[in-house]
Every structure is written in structure tokens, then in C-alpha cells.
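This report concerns only the one structure given below.
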Amino acid sequence: MQILGIESSCDETGVALVQTQDHDWPLLLAHALHSQIEMHQAYGGVVPELASRDHIRRVLPLTREVLSRAGRTLADIDVVAYTRGPGLAGALLVGSGVACALAAALDKPVLGIHHLEGHLLSPFLSEDPPEFPFVALLVSGGHTQLMRVDGVGQYTLLGETIDDAAGEAFDKSAKLLGLPYPGGPGLSRLAEQGNPTAYKLPRPLLHSGDFDFSFAGLKTAVLTQSQKIGPQVLQECEPARADLAASTQAAIVEVLLKKSMSALQYTGLKRLVVAGGVGANRSLREQLNAACAQRGVRVHYPELHLCTDNGAMIAMAAAMRVQAGMSQPTREYAFDVKPRWPLDQTA
Ligand code: KG4
Ligand code: ZN
């Protein structure tokens, strides 16, 4: 079975084709991606209407590109999967509208996929896929969650952020440091030259005894600290900026690390999966690797280029759901998107 996947929940248009296999995880045949980051950079963040319009422009050329790279035609597609939510309503509607129209024209069924389930299952696209059960740390621009994952579609929420997501904390702090949107990768590059103990920043909810996170206070602390240093000094002095970047990253990483270790201890599981854009962060990976090695825990990440949004993870999640009997693709082309949709309600 060949499944086309379309991702359009935010500022990346992604399309991919996967093929199910008899005794193995589905195989990625081809994928193509267009990032809108440059377009949104002028505004310092995602402009939803511009995002929707750009998805409209990109999705069909990307689909043609994927089919040609895979050496397949539209007639080879058995199911059209799309991101149903969560995300920007207008952006989601583009993906679901195109998916439903394409599937109806081909007389094939559609399947709406949860965006975070795509992230969660994206390590299965790597050469060293995890085995169930595992603890998942989902760290993206919009979500920060710890889940217990017992199988495809079997997700129990252990804890999540009560305000900003980890990616948002990176992006908002980076903005205060004068870095362009999205600031996560830039802040982490700057942090490599800085001293992570230069400034004392809060580690919110570190000792709360649960698995929840809170990052909203961190950006306020970064703002206060940058005012103390002085905007002029920060602008002109790269080492001061690097120190503040390193201290911010250290605060975010320490909380993610400690809570992940507590979740592993609480569940007794020996496997951790890290997914979502912040999962590309080098310091987070290094510290998780070290802590997991100490505890005899295997840690899995998606390949670096599949950490941020892409179509491959949506096609993969759809194929895995169909293979596991968790979802039945349908010929009801309802394109009812779910801009808000808890991950433990995908069954
Ligand atoms: O998963 P994703 O592509 O989109 C959402 O579903 O939200 O994650 C994007 C987020 C952004 O906040 C971005 O700044 C962050 O991931 N990010 C990083 C890095 N690469 C991407 N944050 C820290 N370090 C990185 N290397
Ligand atoms: Zn995402």
C-alpha cells in the first residue's frame, strides 16, 4: 500500500510517499519540503494568512516532485493522508482540502493525522527505529509534552507545559537577543561560544514533583537580565550575547533533561524518544545522551532533517496507524480540521 502524506499545519509545506511492508516498518519512498521561514522572517513570526496562501502555491508542485522522485504516478496512490490538527486553521484547511480533492478525484480514501503523532513516530523513519514501549519527549514550537507510548495510537500524557512551549522559549529569548525568527537554531549556535553559568536564570517547575513544564517566566527573566546588561552592551558585545544565549539554553535544557529522567524513573521504562524541532538542539542531545547512558536507557531521535515539520512523518504515521489497525481511511471527504486536538485523543 502506498500512502501520500501532506503536512501544512504551520510554516512548512511537506509532501511524502511511503510504502507499507509485510514484516517491517513502512518505507519512505520520497519526500519534498518547502519552508516559509524566509517569508515570515520580515514579520518576526508566522503570519497565518500568508502561510495558508503559500501552502496553496506549494502543495501541488511538491506532490508532483515526490511522485517523480519515487518513480510513481497519481494512479499508484492508495491513501491520501494529511495533517488534521493541531495547527493554524487556515493552513490545515489547505492540506485537508487538497488531500480530500485529490483522493475524491482518484476514488481513494483519506486519513487525517495528528501532527504531534507524526513527530512522535518520526524516529521510525531512522535507521535505528525504537521499540515500544517508550517515554517520548515532544518538544516543538507549539508543544512540550512527556508521553508514555505503549504502541501506535496508545499514548498516555504524563505532563506538558502550562504556558509557553520549549521552542517558544527559544524563539522569544532569541528575539530579545536580536536574532531572526525562528530563533532556536540561531540561539543554540550563539550559545556554543558562551558560558552557560554566566547568568543565573530560573528553572521553572524543576522540583514540582510532576511532569509539567512552564517556560513563560524564563523569557521575562531573559528580558530583565538583558536590561541589566544594557541594550547597547548587548548589541555591541558578542561575548555578552553569547553568555546570555548559553545561560538561556542551559536553563531550558536542564528542565527538559531532569523531567525526562524523572518520567523514565516513574514509568520504569528504559527507552526515550525525543521528537519535534527542539530535538535538533545539540546541547539537549549531548546531555540526554550522557544521562541516558548513565542509566542504561536507549535514546532515539529522528534524523536531524526530519526533526522539524515535514510530510514524511505524516505519511509514516498514517501508514503505521493503518498497519496497526488503529485507523481506517475513509471515503467521507469531510475535511474537518482540528486546530486544537489533544494527542491522547487520537483513537
Ligand atoms: O516541530 P517544529 O518544526 O514545529 C512545530 O510543530 O512547532 O518546531 C519548531 C521549533 C521552533 O521553535 C524552533 O526554534 C525550534 O523548533 N528549533 C530549535 C532548534 N531547531 C529548531 N530549538 C533549539 N535548537 C535547535 N537547534
Ligand atoms: Zn511540528
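Numbers for residues simply follow the sequence, beginning at 1. Counting starts at 1 for both ligands and their atoms, following the listed order. Only this structure's heavy atoms are used, side chains among them; waters, hydrogens and symmetry mates stay out.
Under 2.8 Å from the Zn ion (ligand 2), one finds the following protein N/O/S atoms: His115 NE2, His119 NE2, Asp309 OD1.
Side-chain contact annotation: Tyr181 with Asp11, donor-acceptor N/O pair under 3.5 Å present. Checked by atom type, the side-chain pair Thr20/Gln323 shows no donor-acceptor distance below 3.5 Å.
Side-chain contact check for Thr267 versus Leu158: some heavy-atom pair is nearer than 4.5 Å. Under the 4.5 Å side-chain criterion, counting only non-hydrogen atoms from C-beta, Lys228 is not in contact with Tyr199. For the pair Arg148 and Leu269, the minimum side-chain heavy-atom distance is below 4.5 Å. In this structure, His34 and His55 have side chains that are not in contact, with every pair of non-hydrogen atoms separated by 4.5 Å or more.
Ring centroids of Phe124 and Phe132 are separated by less than 6.0 Å, placing the two rings close together.
A donor-acceptor pair is defined here as one N or O able to donate and one able to accept, closer than 3.5 Å; such a pair exists between the side chain of Asp171 and the backbone of Gly183.
Ion pairing between a basic and an acidic side chain is recognised when a charged N comes within 4.0 Å of a carboxylate O; Arg241 and Asp243 show no such pairing.
Closer than 4.0 angstrom to ligand 1 lie heavy atoms from His115, His119, Ser140, Gly141, Gly142, Gly167, Phe170, Asp171, Pro182, Gly184, Pro185, Ser188, Gly276, Gly277, Val278, Ala280, Asn281, Thr308, Asp309.
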